[in-house]
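If you're wondering where the values come from, they're calculated on a predicted model, not measured in any experiment.
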Amino acid sequence: MDNFSAFLSFMAFVLLLKQILIVDGISDTTTDDGFIGILGAIVDNSSRIGREESIAMQIAVEDFINTSNQRLNLKFRNSQGDPLQAALAGTFFFFFFFPLHSRNIKFKCHYIDQIAAKSLINTDQVQAILGPQTWEEVSLVAEIGSKSHIPIMSLADATPEWATELCTFLVQASPNKLKQMEAIAAIVQRWEWHQVTIIYEDRDFSAPAVLSHLSNALKEVGAEISHYVAIEPFASSLQSEELEGLKISQNRVFVVHLSLPLAVDLFEKAKIMNMMEKDYVWIITDPFASLVHSFNASIISSMQGIVGVKSYIPENESRFQDFRHKFRQRFSSEHPEVVNHEPSIFAAEAYDVAWTAALAMSKKKQGRQQIKSNILQSDFDGLSGMINFTGQTIAPAHTYQIINVNGESYKELGFWSDGRGFSETIGESDTFKYSMNALGQVFWPGGIRGTPKGWSPPTSANPLKIGVPTRATFKQYVEVEQVHLGNNISYSYRGLAIDVFKATLQELPFHLPYKFLPFDGTFDALVEQIHLKNFDAAVGSISTLANRYQHAEFTAPYTESGLVMIVPVRSRTRDKAWLFIKPFTNAMWVLIGATSIYNGFVIWLIERNHCPELKGSISNQVGTLIWLAFSTLFSLNGNKLNSNLSRITMVVWLFMALVITQTYTAKLASLLTLPQLEPTVVDVFALQNRNATVGCAGASYISKYLKEVLHFRHNNIKNFSRGDEYAPALRRREVAALFLDLPLAKVFLAENCKSFTMTGPTYNVGGFGFAFPRGSQLLPSVTQAMLKASEDGMLQDLEQKMLASQKCMDMDQEEDEHLSPSLSPSYFWVLFVFTGGTSSIALAIYIFRAYNSMSMSEHNVIRKLMMAVMKHRGNQGGRFSRKVSDIAQTTPTNSPNVTKY
């Protein structure tokens, strides 16, 4: 029995080798001087890609032979890419060595590729090998090629960077297509979607690089990947389960990066589950998007409205048109059962790879190392684009075509180019735009032509889970209370934050089911729970802080923002004996006294010669001057003034006095009837200079802000866990000041309206908002609804109603007084200038008149004295010649000393 089993094993192994060593292709066994060598290729003839690659390589070799007059042979090996066929081809071999498991089947299939590569190298003596299509297959073939020094030109979608360093004869001949992820991000940005679900193959080697590039590209446009869905290759039932989970989720934007069989199966199931309807968005990537043209009507019908990003082919060039004609003829001849015969990017790349290898082999200097060098030095325009290499890797693709599945096939919307954006066509004179608006109308799933929402609001069966904090220090904003109903415990939710949230929901254009859930933890932990997907949102007195944005995003603040300082107050008028001087400043009192004395001096000086009572001793005149100066504040005394100058001065000063006295009376009355308090501390610097202790809410951002921004010492900061601890601590002087968010400070002062006040600047920090997951589709709608409620005055009314309901708990304080600032001369400078100027002008006029009067008197006295002297001299000269009677006649008759008879 053992001998028979060994015989069967040997026969199975022979059949396996026979299966994998089938040779197809072009052979020319001539040995003339034009023969340059043998070129090998490993393709999967069971797949559409493998068939296109096989025909394209044959056409490339034929074109090369016809244009160069050189000969080469092309040897094919069929990799039998289907694992099931590979298992059937060597049944006993696999049963003998491996268990029948999907992962092992895939490995066995790759083992066939390894045998095929050894056959090409050892049996056919090829000088280079083209293909295969997947990295798993390439990795095995590259190892053999490197050992044999045979260039392996890989057609896999992605090759890791370390592979070309480890396998020195491995050449990545298929362009890196990771730039298509930026095109997808640009599409997402155009339609203002914020969350994307990526569906990928679990065992796809390129998946990590694809996911990383897509995630980074989405972050650049303000979006993110919300769900990662990995599909098992051989677990069809799991696809349905994954789709069920996606259907009940809110996100409706899906990016599909799957192989052809998995993607087709996915969309067929999605159509059955009604996931190809309105508001769903499906975006497909290469290589699947490049094969849409080959799908039959049944597959196309399940993909209506899908947007795809496929590799760009310069189809309008004459060389491609010639290739296309040859390809269609040969493909329809070899595969008549296939409906569509159009070449894809894979055919164009296979043609370029074969042409590159043929050119490298045609150089005079040959040898395996030289052929590799010739390949890497290639630089020409191929069917798929520019062919040149950096290191051992071909230049990446930078241009992609945007397609939209509609009807029986797809519509070409336009193109996307790296660094340039979207355009309707490709050319030097084309206009590129960064928005997809430059392209045509998109036909979306469900037949809609508008913009799909890309998300689904929560339903009654799956309401929005909203976390509400139970540790809020001010219950006026949010309060969670347990309600016992028998053995059951429920919760009631009250407060301004709850009322604002409900008012906001009333402004939404759709119904939003939700349920509140209590959370016993810090606010930072609550926001983090949203990132961990334990809550869909959070409502409460949640400050919008920068460090919290790494876990969530916030609505617009529904309160004023800012951090303020609250301190105790004290009376400004602690000494009431001097209250009467408080209406005016010291400078004002001095100016009033100086002006009064000055005006009294001017009036005294003018009236001194007319009023005998203004004369007398010096002390009497000084007392009279002072009396005259201040008596004008209470009476005019106009009937006692003789000069018009003094009357004018008196009237102007009386008007000034009337204004000042009335102002003083009103100000003093306000000081006696309206109490005022002043803060015990003016600003933060005063606290720091006194090394004072300050208080804040425990487990909040404020403590960190006080230390890092306001530079308080850690030992000088006291944290409180409850709001009712603030006021007693301030009254007992345990803390000199309290730092609170502005909305909470309003509530605190409403309860303690007489003992404390806000002082100092308002520090700019975020206000209170509602938290949602990053990229939430609900966030824009909720923010817009909140702004509408705010503009309608609803939020302000709710806040005023809440503050009005707070009763002041302070005791009346007899020492408290409400003093407005004392009045300074700046309030009356015009009147002072007016009265001072009037008095000065009157004084100047009086002095001028007095001076003129004095000058005239002196002039008259001198003239009379001169006349008298002259007469006296005349009388002395005629004393002896004149008679006595003559002298008697010269005596004036009006002299008082002469008696007239």
In Å and rounded to the nearest 0.5 Å, what is the [atom1] to [atom2] distance from [X] to [Y]?
X	Y	atom1	atom2	value
E137	I42	CD	CD1	8.0 Å
I300	H293	CD1	NE2	10.5 Å
N388	T393	CG	OG1	11.5 Å
R51	I55	CZ	CD1	9.0 Å
I313	E342	CD1	CD	10.0 Å
N316	I426	CG	CD1	11.0 Å

Using every non-hydrogen atom in the two residues, find where [X] and [Y] come nearest and quote the distance to one decimal.
X	Y	value
L291	S344	CD2-OG, 4.3 Å
I150	A128	CG2-CA, 3.8 Å
F443	N404	N-OD1, 2.7 Å
V138	P132	CG2-O, 3.6 Å
S378	T356	OG-CG2, 3.2 Å
C167	A142	SG-CB, 4.0 Å

Should [X] and [Y] count as side-chain neighbours, where that means a heavy-atom distance under 4.5 Å?
X	Y	answer
L166	E143	no
N45	V43	yes
L359	F380	yes
I198	S215	no
L262	L266	no
V442	K411	no
W193	P452	yes
L39	Q127	no

Give a yes or no answer on whether the side chain of [X] reaches the backbone of [Y] with a donor-acceptor pair at less than 3.5 Å.
X	Y	answer
S54	G50	no
S212	A209	no
K372	T168	yes
E412	E424	no
D202	A230	no
N374	A360	yes
D265	P261	no
Q321	E315	yes
S148	G145	no
Q70	F35	no

Measuring centre to centre across the rings, with the benzene-like ring taken for any Trp, is F320 within less than 6.0 Å of F327?
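Not close enough - the centres of the two rings lie 6.0 Å or further apart.
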
Suppose we call two aromatic rings close when their centres sit under 6.0 Å apart. Are H257 and Y200 close by that rule?
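Distance test on ring centres: not under 6.0 Å, no.
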
Please check if any side-chain donor atom of [X] sits under 3.5 Å from a side-chain acceptor atom of [Y], or the reverse.
X	Y	answer
D286	Y400	no
H325	Q329	yes
E220	N216	no
Y351	K326	no

Distance under 6.0 Å and angle within 45° of ring axis: R319 vs W355
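Yes, R319 and W355 form such a contact.
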
Show the numbers, then the answer: is there a side chain to side chain contact (heavy atoms under 4.5 Å, CB included) between K179 and T399?
CA-CA 8 Å; K179 282 291 181 180; T399 302; over 6 Å; no

Verify the neighbour count for atom CD of Q441: are there more than 12 heavy atoms of other residues, nucleotides or ligands below 6.0 Å?
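Counting neighbours around CD of Q441, more than 12 heavy atoms of other residues, nucleotides or ligands fall under 6.0 Å, so yes.
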
Check the pair Q377 / K363 against side chain to side chain contact (heavy atoms under 4.5 Å, CB included), numbers first and verdict last.
CA-CA 12 Å; Q377 293 174 7; K363 300 293 177 64; 5.5 Å; no

What's the verdict on side chain to side chain contact (heavy atoms under 4.5 Å, CB included) for I187 and V309, showing C-alpha distance, side-chain angles and the deciding distance?
CA-CA 10 Å; I187 295 173; V309 178; 4.1 Å; yes

Could you walk me through whether F288 and V264 pass the side chain to side chain contact (heavy atoms under 4.5 Å, CB included) check?
CA-CA 9 Å; F288 180 64; V264 170; 4.0 Å; yes

Going by the ring pair (Phe, Tyr, Trp, His ring centres under 6.0 Å) test, name the single residue among Y280, W191, W282 that passes it with W444.
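Running ring pair (Phe, Tyr, Trp, His ring centres under 6.0 Å) over Y280, W191, W282 with W444 returns exactly one hit, W191.
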
